[in-house]
Amino acid sequence: MRQTSGVRGDLRLRPVRPAGWWFDGLLLAAVVALTVALASGHLFGLDRAVADWSDENRPAAARWVAMTLNLLGQGTPLTLLAAGLGVLLAWRLRSVRPLLPPVAGFVLTFFTIGPLKVWTARPAPSASVKEPFLSPEQTLPLFQHDLPVRFAQSYPSGHVANSIVWYGVLALLLAPLVRTLGRTVPPRLVTVVRVVPPAVVFCTTVYLGWHWLTDSVAGLLLGLLLDRLLHRVPWNSLPLPARLHGWARPAEHLD
């Protein structure tokens with residue numbers, strides 16, 4: 001029988017706001033309803049109107065500003081940053097537990113966002129002005145599996161979903177990391193870290209025409225759902241292999 005560490009704590013799920021699973025169910029139901037609506041050909045007029053407005057109101061200077069701000073939602077740099085903070089905090093606290101949220105965040109996003117993009121197979125608005133040069137009407141529907149995968153991965157927006165998940169992980173690691181320096185993080189700063197970058201990414205992704213409005217809404221709903229799952233986990237109470245010895249100790253203020 002595989003032994004686990006003697007560290008034991010309260011294994012109950014941690015509270016989130018709004019409390020309860022009803023909100024998670026609402027988020028999931030909203031993703032399903034939005035997907036069904038798009039699969040049935042609804043909301044295309046809204047998507048087209050927002051994309052057309054963005055195209056007509058995107059001067060060069062605004063485009064470059066939006067492109068720069070949109071870098072806040074790049075999944076790979078965010079993953080590496082979260083992993084780096086986890087390693088740093090793990091070293092300072094002599095505990096592997098700060099590594100658990102980044103690993104869980106990577107697993108959750110890898111097995112949800114990517115597969116959904118491939119399954120729904122929706123082109124981006126820009127697919128009419130660059131490869132594969134579809135007609136504007138052809139860029140809107142879902143389930144275009146006749147297209148190469150690289151041209152049909154717009155729904156849901158990975159930028160938006162990833163930004164919500166990864167800034168949530170960064171906020172989770174920020175408080176204990178700052179405490180190792182003898183300081184505390186104001187709750188408002190944690191809120192800013194979790195809210196502002198995803199909001200910026202949502203707006204710039206739609207404005208740049210990289211995703212339809214409904215792509216970003218789906219990414220928002222999915223990201224919030226995944227974020228709530230991650231913040232429910234009692235990271236300091238999870239049983240770990242006994243071979244870790246002292247490195248399985250709880251990490252202060254990680255939960």
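- No side-chain heavy atom of R97 sits under 4.5 Å from any side-chain heavy atom of L89.
- Of the possible polar contacts, one joining the H231 side chain to the D227 backbone as a donor-acceptor pair under 3.5 Å is found.
- Without hydrogens or angle criteria, R12 side chain to P234 main chain gives no donor-acceptor distance under 3.5 Å.
- Residue R188 qualifies as open at atom CZ: its count of foreign heavy atoms under 6.0 Å is 12 or below.
- A distance-only check finds a donor-acceptor pair linking the side chain of T120 to the backbone of Y155 [under 3.5 Å].
- Not a single donor-acceptor pair under 3.5 Å links the side chain of T205 to the backbone N or O of F202.
- Smallest separation of non-hydrogen atoms from A30 and L221: CB-CD1, 3.7 Å.
- Minimum interatomic distance between G158 and I113 (heavy atoms only, all atoms of both residues): CA-CG2, 3.9 Å.
- A side-chain donor from one of S154 and H211 sits under 3.5 Å from a side-chain acceptor of the other.
- Side-chain N or O atoms of R228 include one that pairs as donor or acceptor with a backbone N or O of R17 at under 3.5 Å.
- With 3.5 Å as the limit, one finds no donor-acceptor pair spanning the side chains of R194 and S163.
- Side-chain N/O atoms of S95 and R249 include no donor and acceptor closer than 3.5 Å.
- To the nearest 0.5 Å, the span separating CG on D47 from CH2 on W212 amounts to 6.0 Å.
- Here the CG-CG distance, from L100 to L230, works out to 11.5 Å after rounding to the nearest 0.5 Å.
- Proximity of L116 to P156: side-chain heavy atoms (C-beta onward) are separated by under 4.5 Å at one or more points.
- For R92 (side chain) and L177 (main-chain N/O), no donor-acceptor pair under 3.5 Å exists by modelled atom type.
- Rounding to the nearest 0.5 Å gives a distance of 8.0 Å between CG of L72 and CG of L78.
- The minimum heavy-atom distance linking Q153 with K117 is given by the pair O-NZ, 2.7 Å.
- Side-chain contact annotation: N70 with T204, donor-acceptor N/O pair under 3.5 Å present.
- The backbone N or O of L71 sits nowhere less than 3.5 Å from a side-chain atom of Q74 that would complete a donor-acceptor pair.
- Not a single donor-acceptor pair under 3.5 Å links the side chain of R232 to the backbone N or O of V16.
- The six-membered or imidazole ring of F143 lies near that of W119, with a centre-to-centre distance under 6.0 Å.
- For W21, the CH2 atom counts as densely surrounded, since its 6.0 Å shell holds more than 12 non-hydrogen atoms of other residues, nucleotides or ligands.
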